[in-house]
Amino acid sequence: MYYSFQYKRYQLPLAAALRTAHGVWTVREGIILRLEDEAGQVGYGEIAPIPWLGTETLLEAEETCRKFGDQVSADLLAAVPESQGCVRFALAMAQRRSAPAPVTTRLPVAALLSAGRPAVKQLSAQLEAGYLAFKWKVGVFPVDEELGILDDLLSRLPAPAKLRLDANAAWTSRQAERWLARCAECPIEFVEQPVAPAEEDALLGLAGDYPVKLALDESVVRLAEARRWQALGWPGVFVLKPALAGPLAEVIAWIAATSPDVVISSALETALARTEILRAVLSQPLTKRALGFGLGAVYGDRRWDGPLLGPLADASCLAPNPGEEIWNALN
Ligand code: MG
């Protein structure tokens with residue numbers, strides 16, 4: 001099987017800069033690709049890397065695309081190395097010819113709160129909007145300052161609501177211990193990636209020593225890494241960003257077969273990849289945890305943002321025909 005292959009780069013300014021422990025993110029860059037098979041069927045895919053989380057870089061992804069040329073065999077597409085999880089996700093998406101499964105379920109969405117003090121005002125506004133799950137970026141400001149803000153957030157959180165903390169691998173073990181001791185018996189759903197992925201013993205130790213649940217994110221960027229942590233007996237949550245992890249069907253099959261405790265999360269992909277991911281997640285019971293897609297209007301442009309998600313994700317958050325629309329919008 002041969003495909004005719006084309007790709008276009010995109011560069012989209014974020015409506016609001018995203019500040020995490022990895023730095024400030026202002027422009028999302030990626031690649032939209034188009035595969036047309038011998039029967040004339042067209043599929044689109046999106047490559048949306050986040051190199052500082054450990055994915056391939058955009059340049060590496062583009063080099064892979066450039067080498068495919070205008071005509072590419074299915075064998076060559078299948079030979080992309082596992083390290084290029086974003087490229088593999090995009091190619092599998094563009095090659096999918098089966099009709100998507102119908103949406104049968106709804107899932108809550110976790111609203112993202114900015115790092116630092118602005119989170120307090122945002123929390124009130126998002127509670128008003130109906131959100132009950134929140135994620136706050138920590139590890140950006142000094143521990144004492146952030147622990148003070150945490151008290152303010154917790155004092156505003158009504159009983160059924162839960163707060164996730166995401167340290168983005170910023171803490172030392174000692175800092176993580178302070179935070180985790182503080183989080184005991186608080187309505188903290190989990191603490192995400194307290195220390196760096198390389199500190200595997202510390203991650204396992206912290207997970208065993210404190211009552212609050214821990215989640216891996218940077219540690220499990222690709223599916224192979226999630227499988228490895230599962231084999232190690234990781235007792236917590238796996239935050240999966242399917243756009244980074246590899247072919248979506250493989251990720252879904254792993255969850256369905258082994259029932260890990262997962263959160264499905266955004267990689268700030270456009271409506272194209274997001275629709276593909278949400279359709280799969282909403283068509284079968286994979287998780288009860290709130291989706292990590294509560295980012296609001298990421299780009300401030302409906303072509304890239306697609307339908308905006310509210311506190312509950314259902315069929316209405318799927319873009320009707322995002323591939324063609326986004327492809328045609330790019331030069
Ligand atoms: Mg994270």
Side-chain angles (χ1 to χ4, degrees), residues 20-21 53 107-113 115 119 123 131-139 143 146-147 149-151 153-221 223 225-242 245 251 254-255 258-266 281 285-294:
T20 74
L53 288 191
L107 278 172
V109 174
L112 184 67
L113 306 176
L123 175 67
Y131 287 91
L132 287 173
F134 303 91
K135 171 154 139 178
W136 183 40
K137 292 286 186 182
V138 293
V143 173
E146 288 185 344
L147 284 174
I149 301 168
L150 177 69
D151 288 338
L153 289 170
L154 292 176
S155 72
R156 283 165 172 78
L157 209 60
K162 286 265 171 63
L163 182 64
R164 303 169 174 177
L165 304 179
D166 188 359
N168 282 114
W171 293 333
T172 63
S173 283
R174 280 187 77 104
Q175 289 172 325
E177 285 165 7
R178 266 192 78 192
W179 272 93
L180 299 182
R182 174 68 187 81
C183 289
E185 286 162 45
C186 293
I188 302 292
E189 186 184 355
F190 54 76
V191 177
E192 195 170 317
Q193 200 70 46
V195 300
E199 294 180 52
E200 299 195 352
D201 291 342
L203 284 164
L204 286 164
L206 292 168
D209 288 349
Y210 293 89
V212 59
K213 222 176 222 327
L214 299 188
L216 299 176
D217 180 5
E218 280 86 341
S219 290
V220 294
V221 171
L223 176 58
E225 290 148 359
R227 285 183 190 278
R228 195 174 67 78
W229 274 96
Q230 188 181 49
L232 285 174
W234 176 247
V237 177
F238 297 82
V239 176
L240 297 177
K241 297 181 168 68
V251 173
W254 173 68
I255 300 171
T258 69
S259 306
D261 186 354
V262 295
V263 169
I264 306 295
S265 197
S266 164
V281 171
L286 298 171
T287 178
K288 288 196 169 71
R289 292 193 186 270
L291 297 167
F293 281 83

**OP:** Evaluate the side chain to side chain contact (heavy atoms under 4.5 Å, CB included) criterion for residues Leu165 and Leu150: first the C-alpha distance (whole Å), next the side-chain angles of each, then the deciding distance (0.1 Å), finally the verdict.
**Re:** CA-CA 10 Å; Leu165 304 179; Leu150 177 69; 4.1 Å; yes
Shortest non-hydrogen separation from [X] to [Y] and the atoms involved:
X: Arg289; Y: Leu107; value: O-CD2, 4.3 Å
X: Pro194; Y: Ala215; value: CD-O, 4.3 Å
X: Ala119; Y: Leu113; value: CB-CB, 3.9 Å
X: Asp217; Y: Gln193; value: N-OE1, 2.9 Å
X: Leu223; Y: Val251; value: CD2-N, 3.9 Å
X: Trp229; Y: Val220; value: CD1-CG1, 3.7 Å

Original post:
With no hydrogens and no angle check, is any side-chain donor or acceptor of Ser265 less than 3.5 Å from a backbone partner on Lys241?
Top reply: no
Original post:
Under 3.5 Å, is there a donor-acceptor pair between the side chain of Glu146 and the main chain of Val143?
Top reply: no
Original post:
Under 3.5 Å, is there a donor-acceptor pair linking the side chains of Asn168 and Glu218?
Top reply: yes
**OP:** Check the side chains of Glu225 and Ser219 for a donor-acceptor pair under 3.5 angstrom, ignoring hydrogens and angles.
**Re:** no
**OP:** Apply side chain to side chain contact (heavy atoms under 4.5 Å, CB included) to Tyr210 and Val191, showing your working.
**Re:** CA-CA 11 Å; Tyr210 293 89; Val191 177; over 6 Å; no
Original post:
Does Lys135 come within less than 4.0 Å of Glu192, counting only side-chain N to carboxylate O?
Top reply: yes
Original post:
So, Arg228 and Glu200, do they make that salt bridge, N to O below 4.0 Å?
Top reply: yes
Original post:
Passes side chain to side chain contact (heavy atoms under 4.5 Å, CB included), Trp136 versus Arg164? Steps please.
Top reply: CA-CA 6 Å; Trp136 183 40; Arg164 303 169 174 177; over 6 Å; no
To the nearest 0.5 angstrom, please state how far the [atom1] atom of [X] sits from the [atom2] atom of [Y].
X: Ile264; Y: Phe293; atom1: CD1; atom2: CZ; result: 7.5 Å
X: Ile255; Y: Phe238; atom1: CD1; atom2: CZ; result: 10.5 Å
X: Ile188; Y: Leu154; atom1: CD1; atom2: CG; result: 5.0 Å
X: Leu163; Y: Leu123; atom1: CG; atom2: CG; result: 7.5 Å
X: Phe134; Y: Lys162; atom1: CZ; atom2: NZ; result: 12.5 Å

Do the side chains of [Y] and [X] get nearer than 4.5 Å, heavy atoms only?
X: Glu189; Y: Val212; value: no
X: Leu147; Y: Arg178; value: yes
X: Val195; Y: Leu206; value: yes

**OP:** Could you check whether the rings of Trp179 and Trp171 sit parallel, tilted or perpendicular, using 30° and 60° as the cut-offs?
**Re:** parallel
Subject >> Test log, rule side chain to side chain contact (heavy atoms under 4.5 Å, CB included), inputs Leu214 and Phe190 >> reply: CA-CA 5 Å; Leu214 299 188; Phe190 54 76; over 6 Å; no
